[in-house]
2 protein chains.
Amino acid sequence: MAERADARRNHDLIVSVAAEAFAEHGVDTSLRDIARRAGVGIGTLYRHFPTREALVEALLRQRFDRLRARAEELADQPPAEALARWLTDVATGSATYRGLPESVLAALRDETSELHGSCVAMRAAGAELLARAQEEGLVAAGVTPEEVLALAAGLAWAGDRSGIAVERLLALALDGLTPRRR
Amino acid sequence: MAERADARRNHDLIVSVAAEAFAEHGVDTSLRDIARRAGVGIGTLYRHFPTREALVEALLRQRFDRLRARAEELADQPPAEALARWLTDVATGSATYRGLPESVLAALRDETSELHGSCVAMRAAGAELLARAQEEGLVAAGVTPEEVLALAAGLAWAGDRSGIAVERLLALALDGLTPRRR
DNA sequence: ACCTGAACACCGTTCAAGT
DNA sequence: ACCTGAACACCGTTCAAGT
C-alpha cells in the first residue's frame, strides 16, 4: 500500500469528473471521454477502476449509506408511511444518474459485483421497514425485500423514460391501481 | 414503387434474422451482425431500414395489433379484471425482446418515431379499458393511459432485470403494496 | 433500382514501454 | 509504483462504385 501523491490525485480527479459525466449523460458515458476530461491516460483510469462498475461504486457507496441511515431514522414513524417514504427516497435517488436502477438490480444479483455489498446493506435496511409493516398486517406476508426493491427500481426507470414523476407512479403502486375492497 | 424480387427477398431475410437476433440478444444487437447473419451487405440493411427503430417496428407492428385486438376481446369482462389481464399481456409481451419496454415508452413520446403510430393505437385500446374501469369507480379518476402503460413497462423492465416474474410485480401494483382501507 | 464494402469516427480493453 | 498511448477488435453510419 503505497499511496503515492500523484496516484491519489488522479483517483480523486477521475471520481469527480465521472460524477459530472454520469449526471450529464448517464452511467453509460464513454470511459475514454472521462479519462480525456480528467486529463489522464485511458490506462490510468483502468488502473484505478478496472471495471465501469468499480467507478460507479465509488460514487454510490455514500449514497447507499445515506439510504440505510434514512431507513433507521424512519423507524419511529408508522410502519406503512415509513416504508412508503423510504421507497420514495430509493426511487427518486435512483433517478439522479440515468441507468442507475439497472446498476442496483444487477449488483443485487451478482455477488462478484463491486456494488454488491452496498446494495445488500441497503436492502437489509429496507427489509426491516418491510417486516415491521408486515407484522402489523399492513403489507401482505409473502412480499419480499427483493420484490419491493425491484418495484421501486422499475418505477424509477419508468419515470425517467416516460416523463411521469416517479412519486406518482410509486403512489399508484402503493395504493393499488385496481385494489380489491377489504 | 418497383418491388424487385431480390429486394423483397432481402427485406424478408433481414426481418427474420432480426427476429432471432433480437430474441437472443435483445433489441440492441449489432446491426452489422444481423447483416452478416442474413448474408447481406451492411448498406443493404440500411437501405431497407434506415434506423434501428424501423427494424424494430417491422417486428412489432403485428404484436401491437394483437394487443389492440386483445383489448377488444376483453371488453365483455368485468372492467377491473379486463384491465388487469390486458396489462399483464402488455407487460409479458414486452418481455419477449430485452429492451422492448424502453422502445415502447420512447416511441410513445417521440412523434417522429416509426413506432409511434402502433404505440398510440395500442394505448388507445388500453385507454378504453381504463375508462370503463374508472366509470365504475374501480380505478381512481385521475389515472391516465400514459401512467398505466408506464407502470406496465417499468414492471416488465424490472421483472427482466430482477428475475422476479412480471406477473408478480404487476399483481403487487394492482392490489397495492400498502393499500389504505376504504 | 438495388447491392456492396471500404471509409470514417467512434468505442472498450489490454499491454509494452516509459518515468 | 504508477502513467501513457498505441494496438486490437469491435461498433454505427455514410457513400462512391458497381450490376
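Naming convention: chains lettered A, B, ... in sequence-line order (proteins, then strands); numbering from 1 in each chain.
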K.L.:
Where the side chain of B:Val40 is concerned, which of D:dG12, C:dG12, C:dT4 is the nearest nucleotide?
P.N.:
C:dT4

K.L.:
For B:Gln134, look at atom CD and say whether over 12 heavy atoms of other residues, nucleotides or ligands are found less than 6.0 Å away.
P.N.:
yes

K.L.:
When the distance from OH of B:Tyr46 to P of C:dA6 is rounded to whole Å, what number comes out?
P.N.:
17 Å

K.L.:
Under 4.0 Å: is that the gap between some side-chain N or O of A:His48 and OP1 or OP2 of D:dC3?
P.N.:
yes

K.L.:
Grab the CG-P distance between A:Leu45 and C:dG12 for me, whole Å please.
P.N.:
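Result: 10 Å.
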
K.L.:
Could you check which of D:dC11, C:dC11, C:dC2 has an atom nearest any side-chain atom of B:Arg32?
P.N.:
D:dC11

K.L.:
Output the rounded distance in Å from CZ (A:Phe49) to C1' (C:dG12).
P.N.:
17 Å

K.L.:
Rounded to the nearest 0.5 Å, what separates atom CD in B:Glu136 from atom OG1 in A:Thr178?
P.N.:
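Taking CD in B:Glu136 and OG1 in A:Thr178, the distance rounds to 13.0 Å.
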
K.L.:
Could you check whether the rings of B:Phe49 and B:His11 sit parallel, tilted or perpendicular, using 30° and 60° as the cut-offs?
P.N.:
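B:Phe49 and B:His11: tilted rings.
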
K.L.:
Check this for me, if you would: do A:Asp6 and A:Arg9 make a salt bridge, where the nitrogen-to-carboxylate-oxygen distance has to be below 4.0 angstrom?
P.N.:
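A:Arg9 and A:Asp6: not salt-bridged.
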
K.L.:
When you measure from the side chain of A:Ala7, which nucleotide among D:dT13, D:dA7, D:dC3 comes out closest?
P.N.:
D:dC3

K.L.:
D:dT4 P sits how many Å from A:Asn10 CG, rounded?
P.N.:
6 Å

K.L.:
Side chain of B:Arg36 only, heavy atoms from C-beta on: which candidate in D:dC3, D:dC11, C:dC11 is closest?
P.N.:
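Comparing D:dC3, D:dC11, C:dC11 against the side chain of B:Arg36, the answer is D:dC11.
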
K.L.:
Compare the minimum distances between each of C:dA6, D:dA6, C:dA7 and the side chain of A:Ile42, then state the nucleotide with the smallest one.
P.N.:
D:dA6

K.L.:
With a 3.5 Å limit on both atom pairs, tell me what D:dG5 is paired to, counting Watson-Crick and G-U wobble, or say none.
P.N.:
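Checking every strand shown, D:dG5 finds its partner in C:dC15, with both distances under 3.5 Å.
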
K.L.:
Could you check how far CD1 of A:Ile14 sits from P of D:dT4, rounded to whole Å?
P.N.:
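About 9 Å, once rounded to whole Å.
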
K.L.:
Identify the nucleotide, in any strand shown, that forms a Watson-Crick or G-U wobble pair with D:dC10, with both distances under 3.5 Å; if there is none, say none.
P.N.:
none

K.L.:
Roughly, in whole Å, what's the span from CG in A:Asp6 to C1' in D:dT4?
P.N.:
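To the nearest whole Å, that distance equals 13 Å.
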
K.L.:
Ignoring the backbone of A:Arg4, work out which of D:dC11, D:dT4, D:dA1 is nearest its side chain.
P.N.:
D:dA1

K.L.:
Grab the CD1-P distance between A:Ile34 and C:dG12 for me, whole Å please.
P.N.:
9 Å

K.L.:
Calculate the interatomic distance between A:Asp28 atom CG and C:dG12 atom P; express it in whole Å.
P.N.:
9 Å

K.L.:
Counting only heavy atoms not in B:Arg61 (residues, nucleotides, ligands), do more than 12 fall under 6.0 Å from its CZ?
P.N.:
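Counting neighbours around CZ of B:Arg61, 12 or fewer heavy atoms of other residues, nucleotides or ligands fall under 6.0 Å, so no.
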
K.L.:
Side chain of A:Ser30, heavy atoms from C-beta onward: which of C:dT4, C:dC11, D:dC3 has the nearest atom to it?
P.N.:
C:dC11

